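Given the structure is predicted, the values throughout are model-derived calculations rather than measurements. When a residue number appears, it is its place in the shown sequence, counting from 1.
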Amino acid sequence: MRQRELSLVLAGVASAVLLVGTSTAEPPAPVAAQEGPTYVYRVPAPLGQKAQDLLARGFDVLEQRDGDDLFVLGSKDTHTRLTEAGYTGAVESVMAPPSSTAKTQGHGINETYYGGYRTVKAHHAHLDQVAGRYPRLATVVDYGDSWRKTQGAGGYDLKAVCITRRGPGDCRLNPDSRKPRLVVSGQIHAREITTGDMAWRWIDHLTQGYGKDREVTSLLDTTEVWVVPIANPDGVQIVQSGGDSPKLQRKNANHTNGPRQCPTTEDPNAQIGIDVNRNFDAQWGDNGTSSDPCHQVYRGPYPDSEVETRALEKLFRGLFPDTRGPALTDPADPKTRGMVITMHSALNVVLLPWGYTTTPSPNDGPLRAMAKDMAQLAGADWEYGQPGELLYTAGGSIDDWVYGELGVPHYTWEIGNWQGDCAGFLPAYPCQDGHWDKVRPMLTYAAKKAANPYGG
């Protein structure tokens, strides 16, 4: 992999704290703040056992690699923890401390934080708005409840929108659909705020372009496009509660498997919740996960323990038939239809199954060819491959569940990078224009491929 300079000196103001979020419907828990600025450490951890051990110890390892080095987000105390674990870690950069206590701005669909990013409430209002304005195109589907909502502690519905030129039987949770389907989701990791904005823009691009843009019109006449703008709304609520200093919450809000609050004295960067993208019943508990409830990649007490995970699996089963046999070596039926894209940030890579191992999947040829096409559409600085080829392996991911369980192609897009003014988890909001210029052609390509992904 070519060398890249890592920088987390972000435009605007980056968060310097990791706090425990609480719903307005439950008593506020004491807040434990990370002391001082947030550091990024460069840690030698070549692909293989060294990298997996670093993850297993619960460090907040970023989706970034530079040769044999990985990068760890943490406080000044993280350097001591790295040393005690047998790693050398040099400070690569320091994130600026918060400079404002401003919270959200506006109301309803116009409610934003951190210079323009939409809140969960705004995203849901946006779905309702497009369904009202474009009733022949957009259908909002409530596919479950977030963890906090199931506990009567605030929380949110889990919502998706189906966009197509609707005809008989369209947009129903029936795997025997007459049209092929593309599913796009954002913010399964809450702090990756670029992805929610990409979902918002994709919804508008489709609904506003129908009848005006020939490519969009043809696409929606023949394909169902499903969008889950926020797959982890409780986590996003914690992120947005920081306002102009967003909190770097990765996981959901379920605190019932460990201490009610994190950080702990051992790890001041720890946080409550379960990593939804390590909780799927696909090689659950394998590499790249942790059994510690305060760690960033905490996998949960058992596979599919989280309501957000189970709701997504139920949604996917309602959208796609199972076209792959039970063995890991069974290929998907070559006539499989559909495509799933899960958006993350920030690395500029297209990742394909398998994620838990470097062994190629039985459909590696066409999967890799499509990944190459997507990366080339995004630009020369994008790469593609399996996670274990570019970063590290991890079990319990949505990638391996969608492909492994149903045979449907799944790709993870890591949007953005870790250098320049628009780097990291928290780029200034105007940076999203540049991200969108790269993501839009990738999404269009994925939607077109949904009809016959394995057929060339």
Side-chain angles (χ1 to χ4, degrees), residues 15 17-32 103-104 111-114 117-127 141-160 185-193 195-197 199-200 228-243 246-263 270-280 293-301 304-315 342-344 396 398 425:
S15 173
V17 293
L18 266 174
L19 306 183
V20 177
T22 57
S23 167
T24 55
E26 59 185 356
V31 173
K103 300 299 182 183
T104 58
E111 186 177 78
T112 64
Y113 67 102
Y114 191 53
Y117 291 92
R118 279 78 169 205
T119 64
V120 180
K121 182 187 298 184
H123 273 280
H124 286 183
H126 181 231
L127 298 185
V141 174
D142 181 338
Y143 69 92
D145 295 327
S146 72
W147 180 79
R148 280 180 169 170
K149 186 167 185 182
T150 65
Q151 304 302 302
Y156 299 92
D157 294 328
L158 301 174
K159 289 193 174 184
S185 69
Q187 285 189 272
I188 193 170
H189 285 156
R191 67 189 180 185
E192 296 168 13
I193 60 180
T195 64
D197 191 73
W200 183 296
V228 179
I230 296 181
N232 178 11
D234 288 350
V236 176
Q237 183 183 36
I238 297 173
V239 172
Q240 72 190 38
S241 70
K247 300 175 183 178
L248 296 181
Q249 178 74 16
R250 170 185 171 100
K251 303 184 287 181
N252 71 3
N254 183 356
H255 57 75
T256 57
N257 299 285
R260 184 174 174 81
Q261 69 172 41
C262 299
Q271 58 184 227
I272 63 165
I274 291 168
D275 185 346
V276 179
N277 202 39
R278 298 293 185 271
N279 186 241
F280 285 85
C294 284
H295 284 166
Q296 296 283 0
V297 292
Y298 174 49
R299 59 186 175 247
D304 297 338
S305 63
E306 300 313 288
V307 293
E308 293 90 352
T309 309
R310 296 195 300 272
L312 279 173
E313 291 179 356
K314 183 178 179 181
L315 176 65
T342 301
M343 297 185 292
H344 290 252
I398 190 173
F425 293 138

query = For the residue pair Gly235 and Ala190, what are the closest heavy atoms and their distance?
reply = C-CB, 3.2 Å

ask   = Just by distance, with hydrogens left out, do Thr119 and Gln240 show a side-chain donor and acceptor under 3.5 Å apart?
value = no

request  = Going by the side-chain contact (heavy atoms from CB on, under 4.5 Å) test, name the single residue among Asn254, Leu158, Asn232, Val236 that passes it with Ser146.
outcome  = Leu158

task = Could you list all the salt bridge (charged side-chain N to carboxylate O under 4.0 Å, His left out) pairs where at least one residue sits in residues 271-280, not counting sequence neighbours?
result = Arg250-Asp275

message = Checking the side chain of Asn279 only, and the main-chain atoms of Gly300 only, is there a donor and an acceptor separated by less than 3.5 Å?
response = no

query = Are any side-chain N or O atoms of Lys103 and backbone N or O atoms of Ser241, one a donor and one an acceptor, separated by less than 3.5 Å?
reply = yes

key: Interatomic spacing from CZ in Arg191 to NZ in Lys251 - rounded to 0.5 Å   = 10.0 Å

Atom pair NE2/CD of His255 and Gln151 - distance to nearest 0.5 Å = 7.5 Å

ask   = Quick check: does any side chain N or O of Asn277 sit under 3.5 Å from a backbone N or O of Ile398, one acting as donor and the other as acceptor?
value = yes

remark   = In short, Pro229 meets Ala199 closest at the heavy-atom pair CA-CB, 3.7 Å

query = Is there side-chain contact between Thr112 and Thr104, with at least one heavy-atom pair below 4.5 Å?
reply = no

message = Any non-hydrogen side-chain atom of Ile193 less than 4.5 Å from a side-chain atom of Tyr113?
response = yes

task = Report yes if some heavy atom in the side chain of Phe280 is under 4.5 Å from a heavy atom in the side chain of Glu313; otherwise report no.
result = yes

request  = Using modelled atom types only, decide if a donor and an acceptor are shared between the side chain of Lys149 and the backbone of Gly144 within a distance under 3.5 Å.
outcome  = no

inquiry  = Return the SG to CD distance between Cys294 and Gln261, rounded to the nearest 0.5 Å.
reply    = 9.0 Å

query = Would you say the side chain of Ile230 lies within less than 4.5 Å of the side chain of Tyr156, judging by non-hydrogen atoms?
reply = no

request  = List the atom of Ala160, the atom of Val228, and the distance in Å for their closest heavy-atom pair.
outcome  = CB-CG2, 3.8 Å

ask   = Just by modelled atom types, is the Gln271 backbone N or O under 3.5 Å from a matching donor or acceptor in the Gln249 side chain?
value = no

ask   = Do Ile274 and Trp147 have side chains that get closer than 4.5 Å, going by heavy atoms?
value = no

request  = I would like to know whether His344 and Ile188 meet side-chain contact (heavy atoms from CB on, under 4.5 Å); could you show each step before the answer?
outcome  = CA-CA 8 Å; His344 290 252; Ile188 193 170; 3.6 Å; yes

key: Minimum heavy-atom distance between Pro301 and Ser305, given as atom pair plus value   = CD-OG, 3.4 Å

request  = Drop me the distance from His126's NE2 to Trp200's CH2, to the nearest 0.5 angstrom.
outcome  = 5.0 Å

key: Donor-acceptor pair between Glu308 and Asn252 side chains, under 3.5 angstrom   = yes

Polar side chain donor-acceptor pair, Arg118 to His123, under 3.5 angstrom = no

request  = Enter the distance from Glu306:CD to Leu312:CG here, rounded to the nearest 0.5 Å.
outcome  = 12.0 Å

